[in-house]
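The structure presented is a predicted model; accordingly, all values stated were derived computationally and were not measured.
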Amino acid sequence: FRLTLSACLALLLGTSVPPVQAQSSEEAGFQAYLQLLAARARAEGVREGTINAILPSLTLNPRVVALDRSQPGIAPTPPPFAPYRRTHVDAARINAGRAMEQQVAGILPGIERRYGVPASILLAIWGHETNFGRYTGDFDLPRSLATLAYEGRRRDLFANEFIAVLKMADQGVPRNRLKGSWAGAFGNPQFLPSVWLRTAVDGDGDGDRDIWTSRADTLASIANYFRDAGWRPGEPWG
């Protein structure tokens, strides 16, 4: 889906493709790939109105491609934990966690009882992922996920997540909430769309699984995520 006919002919003839033409052919390939994703979304039950509301506005995001390609490969052995801990668990984050613990003291005990995950774990995840919601990302999720799927380095993963974000929209999540990191994570706990579909819960009983602005939904959803992953109450975290 990446080359136009003229670009293929240029390669066969040994001539160069002008930069503007190469860029337009890349975008054309992306738009063609979007139609494959749209067909899959329809097959999985996403309504045509949702598809038409999102896909026509999407374009390839070169910045997302560059960020993905700059990621380091998987190390043959896990790096030591102690240096990571020293870098990420500092006084500022600890103090912010203690302050947030005071602010949500009324809802933490009930979440702990229901899910069996300690409040300290829930707060640690929230604090580490977004500094308690202070930065959740401003990349457009459908555009980023479609770009990463098209790029192809982890196509299956991101194609699945793109379909999942369409399902979120189909379930009523507003378009303006579909913002997050360049790699598709969003909200206070930085869930991927498939994780939101599977584990996000309504912690405050208002009928909305709001991990963007609701503290109760955020903490309950993190707890449910751990329970879904096999958390065993009473055991140490590591």
Does the ring center of Tyr225 lie less than 6.0 Å from the ring center of Trp231?
no

Where is the tightest heavy-atom contact between [X] and [Y], given as atom of each residue plus distance?
X      : Y      : answer
Ile211 : Thr218 : O-OG1, 3.5 Å
Ile111 : Leu219 : CD1-CB, 3.7 Å
Glu161 : Leu192 : OE1-CB, 3.6 Å
Ser194 : Ala164 : N-CB, 3.6 Å
Glu112 : Ala119 : OE2-N, 2.7 Å
Arg232 : Glu235 : NE-OE2, 2.9 Å

Sub-4.5 Å side-chain heavy-atom contact between [X] and [Y]:
X      : Y      : value
Phe162 : Pro142 : yes
Asp228 : Val195 : no
Asp138 : Lys179 : no
Phe139 : Arg63  : yes
Glu129 : Asn188 : no
Gln103 : Arg215 : yes

Can a donor-acceptor pair be found, under 3.5 Å and without considering hydrogens, that links the side chain of [X] to the backbone of [Y]?
X      : Y      : value
Thr147 : Val64  : no
His88  : Tyr84  : yes
Asn52  : Pro56  : no
Asn224 : Thr199 : yes
Arg154 : Leu148 : no
Arg134 : Asn131 : yes
Ser70  : Leu67  : yes
Arg227 : Gly116 : no

Let me check something: do [X] and [Y] share a hydrophobic cluster, defined by ILVMFWY side-chain heavy atoms less than 4.5 Å apart, either directly or through other members?
X     : Y      : answer
Ile51 : Leu36  : yes
Ile94 : Leu108 : no
Val65 : Trp182 : no
Phe81 : Ile121 : yes

Going through the distances and angles, do Glu151 and Asn61 end up as a side chain to side chain contact (heavy atoms under 4.5 Å, CB included)?
CA-CA 10 Å; Glu151 179 205 16; Asn61 189 336; over 6 Å; no

With Ser214 via side chain to side chain contact (heavy atoms under 4.5 Å, CB included) - residues at least two apart
Asp204, Asp210, Ala216, Asp217

Give, for atom [atom1] of [X] and atom [atom2] of [Y], the distance between the pair rounded to the nearest 0.5 Å.
X      : Y      : atom1 : atom2 : result
Arg175 : Thr50  : CZ    : OG1   : 11.5 Å
Leu166 : Leu141 : CG    : CG    : 11.0 Å
Arg93  : His128 : CZ    : NE2   : 6.5 Å
Arg143 : Leu178 : CZ    : CG    : 14.5 Å
Glu26  : Thr59  : CD    : OG1   : 12.0 Å
Leu37  : Ile54  : CG    : CD1   : 12.0 Å

Geometric cation-pi criterion Arg155 and Tyr33, 6.0 Å radius, 45° cone:
yes

Give a yes-or-no answer on whether the side chains of [X] and [Y] include a donor-acceptor pair shorter than 3.5 Å.
X      : Y      : result
Gln171 : Arg209 : yes
Glu27  : Gln31  : yes
Asn160 : Arg40  : yes

The test is side chain to side chain contact (heavy atoms under 4.5 Å, CB included); show your working for Tyr115 and Val201 and say whether it passes.
CA-CA 12 Å; Tyr115 296 97; Val201 295; 3.6 Å; yes

Plane angle bin for Trp212 and Trp196 - parallel if under 30°, tilted between 30 and 60°, otherwise perpendicular
tilted

Give me the ring orientation class for Phe30 and Tyr150: parallel if the planes are under 30° apart, tilted from 30 to 60°, perpendicular past 60°.
perpendicular

Is it the case that atom CZ in Arg153 sees more than 12 heavy atoms from other parts of the structure closer than 6.0 Å?
yes

More than 12 heavy atoms of other residues, nucleotides or ligands under 6.0 Å from CZ of Arg198: yes or no?
yes

